[in-house]
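Here the structure comes first, spelled out in structure tokens, and everything after it is commentary.
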Amino acid sequence: MDKEERVELAKLLFPNVSKTRDDYEKMYPKRKLNKDAMVTRYGPSPTGSVHLGNLFSAFCDMVYARQSEGSFYLRIEDTDQKRAVEGGIDNITSVLKGFQILPTEGYHFEGEYGPYQQSKRTEIYQTYVKELIENNLAYPCFMTEEELNQIKEEQTIIKTKIGIYGVYAVDRDLSLEEIKQKLANHEEYVIRLKSPGNANKQIEIVDCIKGKLKFKEHDMDTVLLKKDGTPTYHLAHVIDDHLMQTTHVIRGDEWVSSLPLHIQLFEVLGFIPPKYAHIAPLTIKDQETGTIRKLSKRKDPWAGAKFYEEQGIPIDALHLYLATIANTNFEEWYLNHSDKKISDFTFTFEKQAVGGTSFDEDKLTNLCKTYFSHKNGEEVYKETLAYTKKFDPQYYELLLSNKDVMVAFLNIEKDGPRPRKDISKYSDVKEEFSYAIDELFEKENYSKYDGDKEYDVRLVLEYLNDLNLDHSNEEWFQGIKEFAVQKGYAPSPKEYKKSPDKYKGHVGDICEAIRVMLTGRTKSPDLFSIMKILGIEKIKNRVALYQKVVAK
Ligand code: GLU
């Protein structure tokens, strides 16, 4: 076919495409950004729940764009409508908002480089493909499913590369007349790339994270437009990243093998390719087999974004964790600069892990505990309130009507140099402070007490006669020690250990008895603080409750 015929064919195939490539180039003017500004994008497909790995790549998009004063945009990649699930797009935007990974532009956000949803861009893709046809770089392929399967079978038998290329690309050189005939017969077709590649040649691509990568040149006549005229992901991504002027494609490394195709598409379309940064997957040690595998939504609760919301993992702590896995030197930096914000750190691709990054539940839990330890009672109360409103409405009501007492409990042991570190997520509050709200304590009281020891109610009641809640902590402790000695207990565990036969126990045993009666637990924050908040009446009520429920 000569140029004239190809132009005729292009018109025939795309009668409704009226714009030209130049029209679109004008509609997407050059971004006004600094030379080093990065334009990144998160391109999720709305195919179901969001994986932590997706969030992680979106987090990287965000930090690199932010630190270079560039732009981070959200593009919905819904070229595969068959895999799209209902509510999938809303889920993506709500997860991003919930996790505070906020694009500066894009779908659901503002922006001048849209539409930011691939299913709304069909005409744009067709315009560029129309031009590829004119330039002899694409062609309609009328092969049926049956024919394709036959080729695949044949290729499998002779153990050659699967796909449409070389001799298998039978529709590559159809004449205009032949094509017209097939169109007149209403034969279905896709548009394929007329790949100019040669698999005997090697190409080198430099990935920002993985470094130099060598590949065979792409030589497949890959599908660009499907039978219904909508694009494949490969084509859509290339045209979008060109028009939207992405500077860095940061994405999961399952896409590395598609790189030769993507680079070729940039070339045939006459675009300058962006830089690529392929992120290693998050891995985990399989409990059953002991092998390292990808973090899986099916097997690992920690893999799904929803889990974090449901459990009430604080976003700031999760961001710290994501920063830790993003750059290997972040953790050390943060240890020395814990007063600083993540945005004060400069992320680099050089410090990004090349192999799989192992997911470390303990590290995340620890970061969460540190997060809570730095928050005062009022702050923890407010955040827990917001969490329970959505995930535990009954507890939310209780929190609302017990604000002062709850804040007081949450404030225990917060002032010292080593603030209390017990909570790692909002859902822990109810359990850890189960004794704080009367209604809850009365309902559950000692059901969670896991000890088999029974405590001396009379001894505790006797002690209560001595108790002065206006004392300082030191005075209180002095007082209970004296009481212990009077009753034949050692004033310290150390004394007791020296001559256990001399004593019934030590002061700690009396404290434990009081603690269990007041809280239903053998471990709690500072006991005297708890007693002060409860007040003498409630203290007595709880001892009576203990007597009724536990003591025989
Ligand atoms: N839509 C692709 C996915 O969900 C994104 C690939 C890319 O970022 O280029 O995996």
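All values derive from a computational prediction rather than experimental measurement.
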F349 pairs by side-chain contact (heavy atoms from CB on, under 4.5 Å) with which of D207, I209, N327, I279? I209
May I have the step-by-step check of ring-ring contact (aromatic ring centres under 6.0 Å, His included) for Y73 and F109, ending in yes or no? CA-CA 8 Å; Y73 68 88; F109 300 85; over 10 Å; no
Does R420 reach the main-chain N or O of L410 with its side chain, forming a donor-acceptor pair under 3.5 Å? yes
Looking at R521 and E432, does any basic side-chain N land under 4.0 Å from a carboxylate oxygen? yes
Between the side chains of K390 and E310, is the shortest nitrogen-to-carboxylate-oxygen separation below 4.0 Å, so that they form an ion pair? no
For the pair F477 and F528, evaluate ring-ring contact (aromatic ring centres under 6.0 Å, His included) and give the outcome as yes or no after the intermediate values. CA-CA 9 Å; F477 197 53; F528 189 52; over 10 Å; no
Which heavy-atom pair separates Y435 from L518 by the least distance, and what is that distance? CB-O, 3.9 Å
Check ion pair K502-E495 (N to O, under 4.0 angstrom): no
Please indicate whether K285 has more than 12 foreign heavy atoms, meaning atoms of other residues, nucleotides or ligands, lying under 6.0 Å from its NZ. no
Salt bridge or not for R31 and E112, using N-O below 4.0 Å? no
Euclidean distance, Q245 CD relative to Y28 OH, rounded to 0.5 Å: 10.5 Å
From CA spacing to verdict: side-chain contact (heavy atoms from CB on, under 4.5 Å), T388, K430: CA-CA 10 Å; T388 52; K430 188 178 184 180; over 6 Å; no
Row check, F72 ring normal vs R41 NZ/CZ: under 6.0 Å, within 45°: no
Above 12 or not: heavy atoms from other molecules or residues under 6.0 Å from NZ of K275? no
Closest heavy-atom contact between E378 and V407? N-CG1, 3.8 Å
Keeping the roles fixed (side chain from D286, backbone from E288), state whether a donor-acceptor pair exists under 3.5 Å. yes
Are more than 12 heavy atoms, taken from residues, nucleotides or ligands other than R293, located less than 6.0 Å from that residue's CZ atom? yes
Charged N-O contact under 4.0 Å between E331 and K363: yes
Looking only at heavy atoms, which two atoms of A323 and F347 are closest? And how far apart? CB-CZ, 3.7 Å
Assess whether a salt bridge exists between R75 and D240, defined as any Lys/Arg side-chain N lying under 4.0 Å from an Asp/Glu carboxylate O. yes
Criterion salt bridge (charged side-chain N to carboxylate O under 4.0 Å, His left out) on E537 and K540, from CA distance to verdict: CA-CA 5 Å; E537 203 177 316; K540 286 187 172 158; over 6 Å; no
Taking everything shown except E475 itself, do over 12 heavy atoms lie less than 6.0 Å from its CD? yes
Relative to the ring of F433, is the ring of F409 parallel (under 30°), tilted (30 to 60°) or perpendicular (over 60°)? tilted
Please confirm whether the ring centroid of Y503 lies under 6.0 Å from the ring centroid of Y489. no
Going by atom types only, do E309 and Y426 share a side-chain donor-acceptor pair under 3.5 Å? no
